[in-house]
Amino acid sequence: MSFFSNFAALDELIQVIYQNIEKYVVISDVSDDNWTIHVGQAEQGRWWLGQWTEADVTKLVGSNASDILLETFAEKLADSIVKGELYVQNPDSSDISLVLAPSSKKPMNVPLAEMDAAQAAVYTTRTLIEIALNAQKRKCQLNPMVFATDPLPTSSYSARPTAGRYHSIVSPPTFSQVFSGPSKKPNPSKNDAESSTSEAADLERKRKDLLPVAKPPRAVKGASLANPNKKARKYQAIEFGSDDE
């Protein structure tokens, strides 16, 4: 197993640095012999190259560093790249370098050397070829397509779900819920039957209260007790003659 097999976390990483008005791209690669950093400047099309060999790493972590220590060291460097904690130092001089984790107690410095125009063009072309090969896996799309998922319906009630979409199906409200308002208890209790009976009784009482009360007909003076709408018949007493007459 090679020394840099413990540096897998740093392989094939890419990040963008926005520094003042300049914009840089950083590409990290790992081979069996070294860790390589390429830094490109957008406006002028310039490229710089930096490498760490086994000797450079052992100066920092020691010659007897274990595999676990090397992996941890590489993961910290990769984390600074992923988080964008990078700084291009002295970009306008020959002493240019890439600083990883510049705000930490022990920032890592990778010296850079500028590539000539031919080397920069070759590296740019090779990088674009790798991008094109990866794009073939997604029907030559330069960027992976983002499939937008359908948003959940905003309504709380759907009578029938539509095929191919997710809908929340909620039972329609009962008459008692519409009349008395939403229930404060979302979970059903053990006394559902009793509560339903009580609600039904309350509704029946409310319904009776809303019905008009029939008033008894006003009794007419001299009306018949059997039929108040008719006047009572007047009976005249019959007088019988005495036997003496």
Side-chain angles (χ1 to χ4, degrees), residues 1-63 65 69-144:
M1 185 173 65
S2 66
F3 179 84
F4 282 97
S5 62
N6 300 306
F7 277 57
L10 286 166
D11 193 25
E12 295 184 347
L13 297 180
I14 188 168
Q15 182 60 278
V16 178
I17 304 175
Y18 295 93
Q19 187 170 312
N20 298 327
I21 61 173
E22 303 291 344
K23 183 165 58 176
Y24 300 89
V25 59
V26 177
I27 301 177
S28 171
D29 294 292
V30 177
S31 65
D32 293 337
D33 302 324
N34 51 56
W35 170 45
T36 304
I37 284 285
H38 284 88
V39 177
Q41 197 261 357
E43 281 72 16
Q44 300 179 13
R46 300 168 65 184
W47 281 98
W48 292 267
L49 172 67
Q51 287 183 339
W52 272 9
T53 62
E54 182 176 347
D56 296 321
V57 177
T58 54
K59 288 180 182 178
L60 298 172
V61 299
S63 58
L69 179 60
L70 291 173
E71 289 179 1
T72 303
F73 178 68
E75 288 174 357
K76 289 183 178 180
L77 294 175
D79 188 60
S80 65
I81 296 177
V82 173
K83 292 181 178 179
E85 297 176 353
L86 305 168
Y87 181 77
V88 178
Q89 185 171 264
N90 302 323
D92 298 325
S93 68
S94 58
D95 193 23
I96 183 174
S97 63
L98 177 68
V99 183
L100 291 85
S103 60
S104 64
K105 295 180 179 180
K106 293 182 178 181
M108 297 290 104
N109 192 300
V110 181
L112 300 175
E114 187 171 1
M115 303 169 65
D116 59 33
Q119 291 175 332
V122 170
Y123 178 73
T124 302
T125 303
R126 288 179 178 176
T127 303
L128 291 175
I129 289 175
E130 291 182 4
I131 294 174
L133 290 174
N134 290 327
Q136 290 179 356
K137 302 175 183 178
R138 48 180 182 270
K139 297 182 179 181
C140 297
Q141 291 287 334
L142 181 59
N143 297 313

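Side-chain N or O atoms of T36 include none that pairs as donor or acceptor with a backbone N or O of Q51 at under 3.5 Å. Within the 3.5 Å criterion, the main-chain N or O of A118 finds a donor-acceptor partner in the side chain of D116. A donor-acceptor pair under 3.5 Å links the side-chain atoms of Q41 to the main chain of Q44, judged by distance alone. Here the side chain of Q15 pairs a donor or acceptor atom with the backbone of I81 at under 3.5 angstrom.
Separation of atoms OG (S28) and CG (D11) is listed at 7.0 Å; rounding is to 0.5 Å. Here the straight-line distance linking atom CG of D29 with atom CD of E12 works out to 6.5 Å at 0.5 Å rounding. To the nearest 0.5 Å, atoms CG (L128) and CZ (R126) are separated by 12.5 Å. Separation of atoms CD (E71) and CZ (F73) is listed at 13.5 Å; rounding is to 0.5 Å.
Using a 4.5 Å heavy-atom cutoff, the side chains of L133 and E130 are not in contact. At a threshold of 4.5 Å between non-hydrogen side-chain atoms, the residues M108 and L60 count as touching. Side-chain contact between I37 and I27: absent, with no pair of heavy atoms (C-beta onward) separated by less than 4.5 Å. L100 places a side-chain heavy atom less than 4.5 Å from the side chain of V110. Side-chain atoms of L142 and I131, non-hydrogen and from C-beta on, do get closer than 4.5 Å to each other. The side-chain heavy atoms of V61 and L70, taken from C-beta on, include a pair separated by under 4.5 Å. Between V25 and W47, some side-chain heavy-atom pair lies under the 4.5 Å cut-off. The shortest side-chain heavy-atom distance between H38 and Y123 falls under the 4.5 Å cut-off.
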Practice problem: Before giving the answer on salt bridge (Lys or Arg N to Asp or Glu O under 4.0 Å), spell out for K23 and E43 the whole-Å C-alpha distance, their side-chain angles and the decisive distance to 0.1 Å. | Solution: CA-CA 8 Å; K23 183 165 58 176; E43 281 72 16; 5.8 Å; no

Quiz prompt | Chi angles and distances behind the side chain to side chain contact (heavy atoms under 4.5 Å, CB included) call for L86, V99 | solution = CA-CA 6 Å; L86 305 168; V99 183; over 6 Å; no

Quiz prompt | Evaluation steps, side-chain hydrogen bond (donor to acceptor under 3.5 Å, both in side chains), between N109 and S97 | solution = CA-CA 7 Å; N109 192 300; S97 63; 3.3 Å; yes

Practice problem: Please assess L98 against I17 for the test side chain to side chain contact (heavy atoms under 4.5 Å, CB included), listing each intermediate value before the final yes or no. | Solution: CA-CA 11 Å; L98 177 68; I17 304 175; 4.0 Å; yes

Exercise. Apply the test side chain to side chain contact (heavy atoms under 4.5 Å, CB included) to residues D33 and T53: give CA-CA distance (whole Å), side-chain angles for both, the deciding distance (0.1 Å), then the verdict.
Key: CA-CA 7 Å; D33 302 324; T53 62; over 6 Å; no

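In plain terms, the two heavy atoms of A101 and S80 that are nearest each other are N-CB, 3.9 Å. Residues N143 and R138 come closest through the heavy atom pair C-NE, 3.8 Å. For the pair F4 and S31, the tightest heavy-atom approach, listed with the atom from each and the gap, is CB-O, 3.3 Å. Looking at every heavy atom in both residues, A135 comes nearest to Q141 through CB-O, 3.3 Å. Nearest heavy atom pair, residue P91 against residue I96, reads CA-CD1, 3.6 Å.
When V30, L77, N34 are each tested for a side chain to side chain contact (heavy atoms under 4.5 Å, CB included) with W52, only one passes: L77.
Ring geometry, W35 versus F7: the interplanar angle falls from 30° to 60°, so the pair is classed tilted.
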